[in-house]
Amino acid sequence: MNALDIDAVRAFVLTVELKSFTRAAEVLNSTQSAVSVKIKRLEAVLGHRLLDRTPRQVRLSASGLAFLAPARALVSAHETALQAFSTQTRRLTIGISHHLVGANLPLLIRRMHDADPGVIVELRIAPSRELLEHYDATEIDACIVLRHDTRRLDGERIMVQSFGWMAATDFEPSANGGLPLATQAKPCSVRAMAVSALDAAGVAWHEVFVGGGVGTIGAAVTAGLAVAALAHRVAPAGTVDVGQRLGLPPLPVRDVVMHTGLTDAQARRTLQTLSAALRTT
């Protein structure tokens with residue numbers, strides 16, 4: 001059997017994990033067509049179809065599933081070998097809004113590590129406002145945050161985030177007292193967005209739980225205490241968007257923006273990988 005092209009194997013792994021030829025191409029600084037060609041050549045060398053391609057999605061074939069684990073191991077070993085004689089370890093401090101990470105966090109961490117095992121990532125999860133303060137004080141190298149207004153228009157827009165009125169599947173508000181709401185304490189911008197939407201629509205509400213982070217709010221929602229305005233990506237498993245059922249006003253979408261002054265190839269590769277992984281999840 002011919003030797004495997006490590007770039008083609010890497011393209012295969014990225015396409016599977018990011019569920020998209022286009023997003024894999026972004027990480028590889030390539031094009032969708034070039035990534036597709038690499039994988040087709042890899043399939044020809046292996047003599048097996050690795051991916052089932054459809055207009056809407058990319059799915060692993062049975063052979064692709066069997067090949068995925070050794071492919072990941074091969075890419076990891078290759079990256080480790082490249083670092084064998086490196087005398088310096090790069091550390092990047094990156095902040096991500098807690099409204100953007102939930103069950104997807106392990107994938108984000110893995111993708112950043114796989115992009116360059118020689119980079120130590122110090123990851124901080126916090127409110128957007130706090131992360132921007134740390135970034136402006138040069139305490140972190142980059143941050144990915146929600147843009148809630150037009151007061152600050154710098155940074156690179158990487159995607160749009162939707163929000164919903166999330167609640168337990170069997171949640172029913174009481175007849176009196178208005179909508180029970182789980183929020184974060186002021187000055188949380190998502191809290192302000194939620195209560196402004198309710199007030200503008202004339203929906204009565206009252207706080208029944210104030211959390212110290214998205215995780216605590218998600219726990220209150222899962223427990224059936226209240227409804228909460230949450231990004232769909234961080235809503236706890238088993239919760240649903242009850243906005244339409246309860247006649248609640250739609251919530252606006254928010255731009256997700258990356259701020260960084262880093263320009264070197266190593267840092268940009270890690271950040272590009274993180275951005276692509278966020279869009280995938």
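Only this structure's heavy atoms are used, side chains among them; waters, hydrogens and symmetry mates stay out. Note that the structure is predicted; figures quoted are calculated from it, not measured.
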Closest heavy-atom contact between Val208 and Ala226?
CG2-CB, 3.4 Å
Indicate yes or no: at least one non-hydrogen side-chain atom of Phe67 is less than 4.5 angstrom from one of Leu60.
no
Minimal heavy-atom distance between Val210 and Gln184, with the atoms involved, is CG1-C, 3.9 Å
Same apolar cluster: Phe163 and Leu248, side chain cutoff 4.5 Å
yes
Given the rule that I, L, V, M, F, W and Y join up when any side-chain heavy atoms are under 4.5 Å apart, are Leu105 and Val256 in one cluster?
yes
Minimum heavy-atom separation for Leu251 to Ala194, with atom names?
CD2-CA, 4.1 Å
Connected via hydrophobic side-chain network under 4.5 Å: Leu28 and Leu274
no
Closest non-hydrogen atom pair, Ser162 against Val253:
CA-CG1, 4.1 Å
Would a distance-only check, ignoring hydrogens and angles, find a side-chain to backbone donor-acceptor pair under 3.5 Å from Thr216 to Gly212?
yes
Check: Ala231 main-chain N/O paired with Arg254 side-chain donor or acceptor under 3.5 Å
no
Within the 4.5 Å heavy-atom criterion, are His232 and Met166 side-chain neighbours or not?
yes
With Phe21 as reference, evaluate Leu14, Thr31, Val58 under the side chain to side chain contact (heavy atoms under 4.5 Å, CB included) test and give the passing residue.
Val58
Under 3.5 Å, is there a donor-acceptor pair between the side chain of Asp141 and the main chain of Ile94?
no
Do any N or O atoms from the side chain of Ser36 and from the backbone of Gln32 form a donor-acceptor pair under 3.5 angstrom?
no
Rounded to the nearest 0.5 Å, the CG atom of Asp149 sits from the CZ atom of Arg151 at a distance of 4.0 Å
Only one of Arg111, His113, Met112 passes side chain to side chain contact (heavy atoms under 4.5 Å, CB included) with Thr270, and that residue is Met112
State the CD1-CG distance between Ile39 and Leu46, to the nearest 0.5 angstrom.
11.5 Å
Gln272 and Glu26, any side-chain heavy atoms less than 4.5 Å apart:
no
One should read off an interatomic distance between His98 NE2 and Ile96 CD1, to the nearest 0.5 angstrom, of 12.5 Å
Would you please test Arg245 and Glu172 for salt bridge (Lys or Arg N to Asp or Glu O under 4.0 Å) and show each step?
CA-CA 10 Å; Arg245 176 166 68 85; Glu172 290 292 342; 2.9 Å; yes
Please step through side-chain contact (heavy atoms from CB on, under 4.5 Å) for the pair Cys143 and His134, ending with a clear verdict.
CA-CA 9 Å; Cys143 64; His134 290 315; over 6 Å; no
Residues forming a salt bridge (charged side-chain N to carboxylate O under 4.0 Å, His left out) with Glu133, sequence neighbours excluded
none
If only atom types and distance count, is the side chain of Arg41 paired as donor or acceptor with the main-chain N or O of Asp5 below 3.5 Å?
no
Would you give the length of the straight line joining atom CE of Met193 to atom CG of Leu146, rounded to the nearest 0.5 angstrom?
8.0 Å
Could you go through the side-chain contact (heavy atoms from CB on, under 4.5 Å) check for Leu262 and Leu92 one step at a time?
CA-CA 10 Å; Leu262 299 174; Leu92 293 178; 3.7 Å; yes
So, the side chain of Arg279 versus the backbone of Ile158: is there a donor-acceptor pair under 3.5 Å, distance only?
yes
For the side chain of Arg49 and the backbone of Gly64, is there at least one donor-acceptor N/O pair under 3.5 Å apart?
no
Does Arg129 reach the side chain of Ser189, with side-chain heavy atoms less than 4.5 Å apart?
yes
Taking Glu43 for the side chain and Leu50 for the main chain, is one N or O donor matched with an acceptor at less than 3.5 Å?
yes
How far does OG of Ser33 sit from NZ of Lys40, to the nearest 0.5 angstrom?
10.0 Å
Taken to the nearest 0.5 Å, the spacing of Phe209 CZ from Leu181 CG works out to 12.0 Å
Determine, using the 4.5 Å side-chain heavy-atom cutoff (strictly less than), whether Leu18 and Val13 are members of one ILVMFWY cluster.
yes
Short question: side chain of Asp241, backbone of Trp165 - any donor-acceptor pair under 3.5 Å?
yes
side-chain hydrogen bond (donor to acceptor under 3.5 Å, both in side chains) with Thr169: which residues, sequence neighbours excluded?
none
Ignoring hydrogens, what is the shortest heavy-atom contact between Pro173 and Pro180? Give both atom names and the distance.
CB-CD, 4.1 Å
In this structure, are over 12 heavy atoms from other groups packed under 6.0 Å from His48 atom NE2?
no
Heavy-atom side-chain contact between Val190 and Leu230 under 4.5 Å:
no
Over all atoms of both residues, closest heavy-atom pair of Val234 and Gly102:
CG1-N, 4.0 Å
Close side-chain approach of Asp136 to Arg152, heavy-atom, < 4.5 Å
yes
Within one Ile-Leu-Val-Met-Phe-Trp-Tyr cluster: Phe171 and Leu225, side-chain cutoff 4.5 Å:
no
So Arg268 and Thr260, side-chain contact (heavy atoms from CB on, under 4.5 Å) or not? Walk me through it.
CA-CA 9 Å; Arg268 293 301 301 180; Thr260 186; 3.2 Å; yes
Any non-hydrogen side-chain atom of Val203 less than 4.5 Å from a side-chain atom of Pro249?
yes
Looking only at atom types and distance, does a side-chain atom of Ser196 sit under 3.5 Å from a main-chain N or O of Ala192, one as donor and one as acceptor?
yes
Would Leu131 and Ile144 count as a side-chain contact (heavy atoms from CB on, under 4.5 Å) if you check the C-alpha gap in whole Å, the side-chain angles of each, and the deciding distance to 0.1 Å?
CA-CA 8 Å; Leu131 292 174; Ile144 298 178; over 6 Å; no
